[in-house]
Amino acid sequence: MDYCVFIQANHKQWLGALISEYAFRRNSSHNDKFEVRFMHNWDFPCLQEREGQCYLRDGEMRAWLNDDLQSFTPLRFAPPQLMNYTGRALVVDPDVFAVGDVWDLLSRDMEGAALMCRPKSGNKGRRGAMASSVMLLDCAKLTHWRLEENVNEMFTGQRDYMDWVSLKLEDPDTIGLFENEWNDFDRLTPATLMLHNTKRKTQPWKTGLKVDFRAADTFQLFPPKHWLRRARRALFGDYGLAGRYKEHPDPNQERFFFSLVGECLEKGIITEEQLRDEMRQGHLRSDAFEVVERWRIGKDAPKMAAAS
């Protein structure tokens, strides 16, 4: 097809990716017009073969770990090549869930832009960083995106990971902006079109589990938490004393996710055994079935577009 949604994934975020696919299909009335494809980290040798090797990130060399919670992020730049540099693609992180109809974004006028996204929030956004976690791509205009070559440059120190994922290596004149609601950062309102549970420590399906991701390690003199974080990692390893995932501050976002899980169970899209396996691996909170029951569709369920 000429239109495709690509969902990044790895073993730690596979459940999120499955629910993300379901939400895209559930909330679109144009399912015959686009594909949905997964890009799983383990299917890309250029990442798998780099385990333990050092790559450039924020001006420093850092070891690559395929076990990291976000080891899929370089795959954001794979869709144009996978589409043979034709057609249009939307690429999203596995913690992005459609509320509106994705076709409204896929089919919009890009006004000559090679890609569309939104700015990052906070200090990163003020410094010009763009959010590559959700990007609409005109693949024919992105022939310089060559995943294996670009990944190699990261490991030879020619390409800084943070500049890459912040889109600072792109010509700003080729980047268009879409509404923030297409990548709504931990905000679910009547205007939200795609919810992004971007704050890793409060992802609703992880509540109570031990933290299994590496925090950003940009060196700063202040605040001193950066010094403490480095000392902790040096003494106890990447995840030692990192704490546990916290409850999401917005109960409606927990309700939103687990209502989707409940629908998937009812329709046989995912099975109870799959969820139990995710629990055994430490990727899904241990009380997931209780939470599904609490927010079962029909009991204070969040409003979403009608299924197609």
Side-chain angles (χ1 to χ4, degrees), residues 6-24 36-52 62-76 92-97 133 186 195-216 232-233 236-248 253-296:
F6 288 89
I7 304 172
Q8 305 158 78
N10 62 14
H11 63 295
K12 288 188 174 181
Q13 294 283 46
W14 183 233
L15 177 63
L18 291 174
I19 301 302
S20 178
E21 178 193 32
Y22 174 71
F24 279 117
V36 179
R37 294 168 61 181
F38 296 112
M39 298 186 298
H40 199 297
N41 171 278
W42 63 36
D43 291 326
F44 290 82
C46 64
L47 296 178
Q48 291 295 308
E49 295 169 356
R50 292 292 189 172
E51 180 68 24
R62 184 174 181 180
W64 176 262
L65 298 178
N66 284 299
D67 191 51
D68 190 69
L69 188 69
Q70 291 186 302
S71 60
F72 51 77
T73 49
L75 301 181
R76 295 172 181 177
V92 302
D93 280 4
D95 49 9
V96 173
F97 309 102
S133 49
D186 285 285
L195 171 66
H196 186 180
N197 288 133
T198 186
K199 292 181 180 177
R200 291 170 292 179
K201 204 162 187 177
T202 59
Q203 290 183 331
W205 56 97
K206 300 272 191 178
T207 305
L209 299 177
K210 290 183 178 180
V211 165
D212 58 352
F213 64 84
R214 296 187 297 173
R232 175 187 60 76
R233 287 179 56 194
F236 304 106
D238 285 314
Y239 312 135
L241 302 183
R244 292 184 178 272
Y245 286 90
K246 299 181 181 297
E247 187 174 20
H248 199 286
Q253 294 184 44
E254 177 185 284
R255 177 167 63 240
F256 178 82
F257 180 82
F258 280 100
S259 293
L260 292 173
V261 173
E263 287 191 22
C264 287
L265 283 169
E266 289 173 359
K267 295 179 180 182
I269 295 170
I270 56 176
T271 66
E272 289 190 10
E273 181 54 34
Q274 282 177 297
L275 293 186
R276 294 189 194 283
D277 186 55
E278 290 292 300
M279 291 181 196
R280 283 191 290 268
Q281 295 182 68
H283 303 158
L284 174 64
R285 58 193 289 176
S286 60
D287 63 344
F289 289 107
E290 290 85 349
V291 182
V292 167
E293 188 60 33
R294 185 189 312 154
W295 300 125
R296 186 166 293 279

Determine whether a donor-acceptor pair (N or O, by modelled atom type, separation under 3.5 Å) exists between the side chain of [X] and the backbone of [Y].
{"X": "K201", "Y": "G243", "value": "no"}
{"X": "Q8", "Y": "F38", "value": "no"}
{"X": "H283", "Y": "H11", "value": "yes"}
{"X": "R37", "Y": "F6", "value": "no"}

Does the plane of the ring in F97 sit parallel, tilted or perpendicular to the ring in F257? Use 30° and 60° as the thresholds. perpendicular
Stepwise, does the side-chain contact (heavy atoms from CB on, under 4.5 Å) test hold for M39 with F44? CA-CA 8 Å; M39 298 186 298; F44 290 82; 4.1 Å; yes
Is the number of heavy atoms from other residues, nucleotides or ligands under 6.0 Å of Q48 CD greater than 12? yes
Using side-chain hydrogen bond (donor to acceptor under 3.5 Å, both in side chains) as the criterion, list what pairs up with S20, not counting sequence neighbours. none
Those residues that, when tested against Q281, pass side-chain hydrogen bond (donor to acceptor under 3.5 Å, both in side chains) (two or more places apart): D277
Starting at [atom1] of [X], measure out to [atom2] of [Y] and round the result to the nearest 0.5 Å.
{"X": "S133", "Y": "Q70", "atom1": "OG", "atom2": "CD", "answer": "9.5 Å"}
{"X": "N10", "Y": "D67", "atom1": "CG", "atom2": "CG", "answer": "8.5 Å"}
{"X": "F258", "Y": "I19", "atom1": "CZ", "atom2": "CD1", "answer": "9.0 Å"}
{"X": "D68", "Y": "R62", "atom1": "CG", "atom2": "CZ", "answer": "7.0 Å"}
{"X": "H196", "Y": "D186", "atom1": "NE2", "atom2": "CG", "answer": "7.5 Å"}
{"X": "F72", "Y": "H40", "atom1": "CZ", "atom2": "NE2", "answer": "10.5 Å"}

What closest approach, in Å, do [X] and [Y] show between heavy atoms, and which atom pair accounts for it?
{"X": "S71", "Y": "L65", "value": "CB-O, 3.7 Å"}
{"X": "P204", "Y": "R285", "value": "O-NH1, 2.8 Å"}
{"X": "A9", "Y": "A17", "value": "CB-CB, 3.9 Å"}
{"X": "K12", "Y": "D212", "value": "NZ-O, 3.0 Å"}

Within a strict 4.5 Å, meaning less than it, do heavy atoms of the [X] and [Y] side chains meet?
{"X": "W295", "Y": "E254", "result": "yes"}
{"X": "L47", "Y": "P74", "result": "yes"}
{"X": "Q13", "Y": "L69", "result": "yes"}
{"X": "N66", "Y": "N41", "result": "yes"}
{"X": "W205", "Y": "V261", "result": "no"}
{"X": "T207", "Y": "K246", "result": "no"}
{"X": "L275", "Y": "L265", "result": "yes"}
{"X": "F256", "Y": "H248", "result": "no"}

Salt bridge or not between E273 and R280? Use side-chain N to carboxylate O under 4.0 Å. yes
Would you call R76 and D93 a salt bridge, taking side-chain N to carboxylate O under 4.0 Å as the test? yes
For a side-chain contact (heavy atoms from CB on, under 4.5 Å) check, start with the C-alpha distance between E263 and I269, then their side-chain angles and the critical distance, and finish with the verdict. CA-CA 8 Å; E263 287 191 22; I269 295 170; over 6 Å; no
Mind running side-chain contact (heavy atoms from CB on, under 4.5 Å) on I270 and Y22 for me, showing each step along the way? CA-CA 10 Å; I270 56 176; Y22 174 71; over 6 Å; no
So, using salt bridge (charged side-chain N to carboxylate O under 4.0 Å, His left out) as the criterion, who are the partners of [X] when residues are at least two apart?
{"X": "D95", "answer": "none"}
{"X": "E49", "answer": "none"}
{"X": "R276", "answer": "E272"}
{"X": "E21", "answer": "none"}

Would you check if there is a donor-acceptor pair between the side chains of Q203 and N197 at a distance under 3.5 Å? no
